[in-house]
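All values below were derived from every heavy atom in this structure, side-chain atoms included, with hydrogens, water molecules and symmetry-related copies excluded. When a ligand or atom number is given, it counts from 1 through the structure's own listing order.
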Amino acid sequence: MADVQSLSEALIKGDRNKVIQLTQQALVDGVPPGTILNDGLISGMNIIGKRFKANDIYVPEVPIAARAMHGALGVLKPAMEKAGIQPLATVVLGTIKGDLHDIGKNLVGMMLTGGGFKVVDVGIDVSPQKFVDACKKENAAICAMSALLTTTMPHMTEVVKALRAAGVNAKTMIGGAPVTQSYADEIGADGYAADAAGAVDKARELINAA
Ligand code: B12
């Protein structure tokens, strides 16, 4: 009999095979897909997020846990669809125009997926128009932008303005090493977080699911 606590522990260890096997076993045992997702996988990723925030674990360990989570989601997805479980909301995520840094963005994407969001990653060097188009197409609740260069940060303002001009209601969330809360306030972005775990908390707050 698989229990969700062991699933959570295997995820935290990044043991992909065990996570997949325990997910399969839990489904066979009749554990509801929502319980497997929330109490096994998402709670495990939340712990990863907390440890990452506290510097107890480092950058390489997050993708390892995320890979294990992706493996389990592959097994869980058909059962979730059958049970009518929807993601919390859709987040369009990209690195801003002129900027090619994507390590932090990818971590943010992994943690958001682990936190129950559908993430549409539009890549690097993303123009304001591409953010707008993706948010419209995906009916995104949140438009999340990453910038690692002081020279590319100003393009975030353009995205905030372009979304408004296009009548897109997605909330804007920004981050990256040179970005601060005061910069978010200055450009009228709805949210800022300093790291990937904080991005999940902020995204939940923005859709009022904290
Ligand atoms: C790796 C790296 C590169 C790699 C990028 C590879 C890749 N695939 O990403 C390469 C070699 C390509 C590169 C190129 C350049 N780089 Co560079 N790079 C770095 C470096 C060393 C690490 C960045 C990183 O990945 N950090 C690890 C991740 C996990 O941290 P993070 O990105 O900050 O992300 C976290 C948070 O910020 C937050 N976050 C990030 N995004 C988002 C988004 C949202 C919505 C939220 C809520 C949160 C959030 O969560 C993340 C996880 O906790 C930094 C130095 C540094 N210590 O930051 C320089 C650095 C960013 N680079 C710099 C520079 C100058 C350049 C170049 C211009 C160099 C050159 N002369 O060619 C080019 C620019 C290329 C371009 N157009 O983008 C400078 C920027 C200076 C500045 N203030 O503008 C830095 C600070 C180095 C320095 N000290 O001079 N770089």
Side-chain angles (χ1 to χ4, degrees), residues 12 14 45-67 69 87-128 130-132 134-135 138 140-163 168 170-210:
I12 293 162
M45 279 306 274
N46 283 343
I47 291 172
I48 288 284
K50 282 188 189 133
R51 290 189 182 167
F52 182 61
K53 212 172 187 173
N55 291 323
D56 287 341
I57 60 167
Y58 299 100
V59 170
E61 285 157 281
V62 178
I64 291 170
R67 261 197 296 275
M69 172 120 191
L88 283 178
T90 300
V91 180
V92 162
L93 169 69
T95 301
I96 207 79
K97 189 169 119 186
D99 203 321
L100 308 177
H101 296 84
D102 68 355
I103 298 168
K105 167 187 72 71
N106 293 345
L107 286 173
V108 169
M110 285 170 196
M111 289 303 297
L112 285 171
T113 305
F117 288 86
K118 176 185 170 190
V119 176
V120 178
D121 189 331
V122 286
I124 53 174
D125 189 17
V126 180
S127 67
K130 193 170 172 186
F131 273 113
V132 171
C135 286
E138 301 292 340
I142 299 175
C143 179
M145 296 161 255
S146 177
L148 264 286
L149 299 170
T150 44
T151 49
T152 58
M153 274 167 64
H155 296 306
M156 290 173 151
T157 323
E158 293 168 22
V159 178
V160 172
K161 286 183 184 156
L163 286 167
V168 176
K171 303 268 183 182
T172 48
M173 178 167 76
I174 63 172
V179 179
T180 58
Q181 180 62 55
S182 63
Y183 186 69
D185 297 341
E186 188 187 317
I187 69 167
D190 298 299
Y192 157 80
D195 55 37
V200 180
D201 295 340
K202 184 53 73 178
R204 285 182 180 150
E205 195 188 306
L206 289 177
I207 61 156
N208 297 318

(request) Among all protein heavy atoms, pick out the one at the shortest distance from atom 45 (C) of ligand 1; state its residue, atom name and that distance to 0.1 Å. (result) M145 O, 3.4 Å

(message) If you take the nearest heavy atom of each of D195, D99, L149, which one is closest to atom 68 (C) of ligand 1?
(response) L149

(message) Does the protein come close to atom 5 (C) of ligand 1 - that is, does one of its heavy atoms sit below 4.0 Å from that atom?
(response) yes

(request) Just jot down the ligand 1 atoms closer than 4.0 angstrom to any heavy atom of V108, in number order. (result) 39 (N), 42 (C), 48 (C), 49 (C), 50 (O)

(request) Mark up the atoms of ligand 1 that fall under 4.0 Å of a heavy atom belonging to G98, in ascending order. (result) 76 (C), 77 (N), 78 (O)

(message) To the closest 0.5 Å, what do you measure between CG (N106) and NE2 (H101)?
(response) 12.5 Å

(request) For residues L107 and P63, report the shortest heavy-atom separation together with the two atoms involved. (result) CD2-CD, 3.8 Å

(message) For atom 11 (C) of ligand 1, is there a protein heavy atom at a distance under 4.0 Å?
(response) no

(message) Among all the protein's heavy atoms, is there at least one whose distance to atom 14 (C) of ligand 1 comes out below 4.0 Å?
(response) yes

(request) Among all protein heavy atoms, pick the one closest to atom 36 (C) of ligand 1 and tell me residue, atom and distance. (result) A194 O, 3.3 Å

(request) May I ask whether atom 89 (N) of ligand 1 is less than 4.0 Å from at least one protein heavy atom? (result) no

(message) Return the CG to CG distance between L93 and L112, rounded to the nearest 0.5 Å.
(response) 7.0 Å

(message) If we only consider heavy atoms of Y192, is any one of them less than 4.0 Å away from an atom in ligand 1?
(response) no

(message) Quick check on atom 85 (C) of ligand 1 - does any protein heavy atom sit closer than 4.0 Å to it?
(response) no

(request) Using heavy-atom distances, let me know which of C143, G175, P178 sits nearest atom 42 (C) of ligand 1. (result) G175

(message) Looking at I174, is its backbone amide N or carbonyl O close enough to the side chain of Y183 to form a donor-acceptor pair, meaning the two atoms are under 3.5 Å apart?
(response) no

(request) Kindly identify the option in V91, L93, I103 whose heavy atom sits closest to atom 25 (O) of ligand 1. (result) I103

(request) Provide, to 0.1 Å, the distance between atom 23 (C) of ligand 1 and the closest protein heavy atom, together with that atom's residue and name. (result) L148 CD1, 4.2 Å

(request) Working to the nearest 0.5 Å, report the span between CD1 of I48 and CG of D56. (result) 10.5 Å

(message) Using every non-hydrogen atom in the two residues, find where A140 and A170 come nearest and quote the distance to one decimal.
(response) O-CB, 3.4 Å

(message) Show the atoms of ligand 1 that are less than 4.0 angstrom away from any heavy atom in D102.
(response) 7 (C), 8 (N), 9 (O)

(message) Tell me which one of T95, D121, D99 satisfies side-chain hydrogen bond (donor to acceptor under 3.5 Å, both in side chains) with K105.
(response) D121

(request) Check each atom of ligand 1 against the heavy atoms of G176 and keep those under 4.0 Å away; list them by number with element. (result) 37 (O), 39 (N), 40 (C), 41 (N), 42 (C), 49 (C)

(message) Check this for me: does any side-chain nitrogen of one of E205 and K202 sit under 4.0 Å from a carboxylate oxygen of the other?
(response) yes

(request) Within a distance under 4.0 Å of any heavy atom of A199, pick out the atoms of ligand 1 and give their elements. (result) 47 (C)

(message) Show the nearest heavy-atom pair for residues V160 and I187, with the distance to one decimal.
(response) CG1-O, 3.7 Å

(message) Counting non-hydrogen protein atoms only, what is the nearest one to atom 29 (C) of ligand 1? Give residue, atom name and distance.
(response) L107 CD1, 3.5 Å

(request) Salt-bridge test for R51 and E61: reply yes if a basic N is under 4.0 Å from a carboxylate O, no otherwise. (result) no

(request) For atom 41 (N) of ligand 1, grab the closest protein heavy atom and report residue, atom and distance to one decimal in Å. (result) S146 OG, 2.7 Å

(request) Looking only at protein heavy atoms, identify the closest one to atom 78 (O) of ligand 1 and say how far it is in Å. (result) L100 N, 2.7 Å

(request) Around atom 17 (Co) of ligand 1, find the nearest protein heavy atom and jot down its residue, atom name and distance. (result) H101 NE2, 2.3 Å

(message) Distance check, rounded to the nearest 0.5 Å: S146 atom OG versus M156 atom CE?
(response) 6.0 Å

(request) Looking only at protein heavy atoms, identify the closest one to atom 34 (O) of ligand 1 and say how far it is in Å. (result) G104 CA, 3.3 Å

(request) Give, for atom OG1 of T90 and atom CD1 of I142, the distance between the pair rounded to the nearest 0.5 Å. (result) 9.5 Å

(message) Check whether D190 reaches the backbone of M173 with its side chain - one donor and one acceptor, N or O, closer than 3.5 Å.
(response) no

(message) Can a donor-acceptor pair be found, under 3.5 Å and without considering hydrogens, that links the side chain of D125 to the backbone of K97?
(response) no

(request) Would you confirm whether any non-hydrogen atom of the protein falls under 4.0 Å from atom 8 (N) of ligand 1? (result) yes

(request) For atom 48 (C) of ligand 1, state whether the nearest protein heavy atom is under 4.0 Å away. (result) yes

(message) Can you tell me how far apart SG (C135) and CG (L163) are? Round to the nearest 0.5 Å.
(response) 5.0 Å

(message) Closer than 4.0 Å to some heavy atom of F52 - which atoms of ligand 1 meet that?
(response) 52 (C), 53 (O)

(message) Any protein heavy atom at under 4.0 Å, with atom 52 (C) of ligand 1 as the reference point?
(response) yes

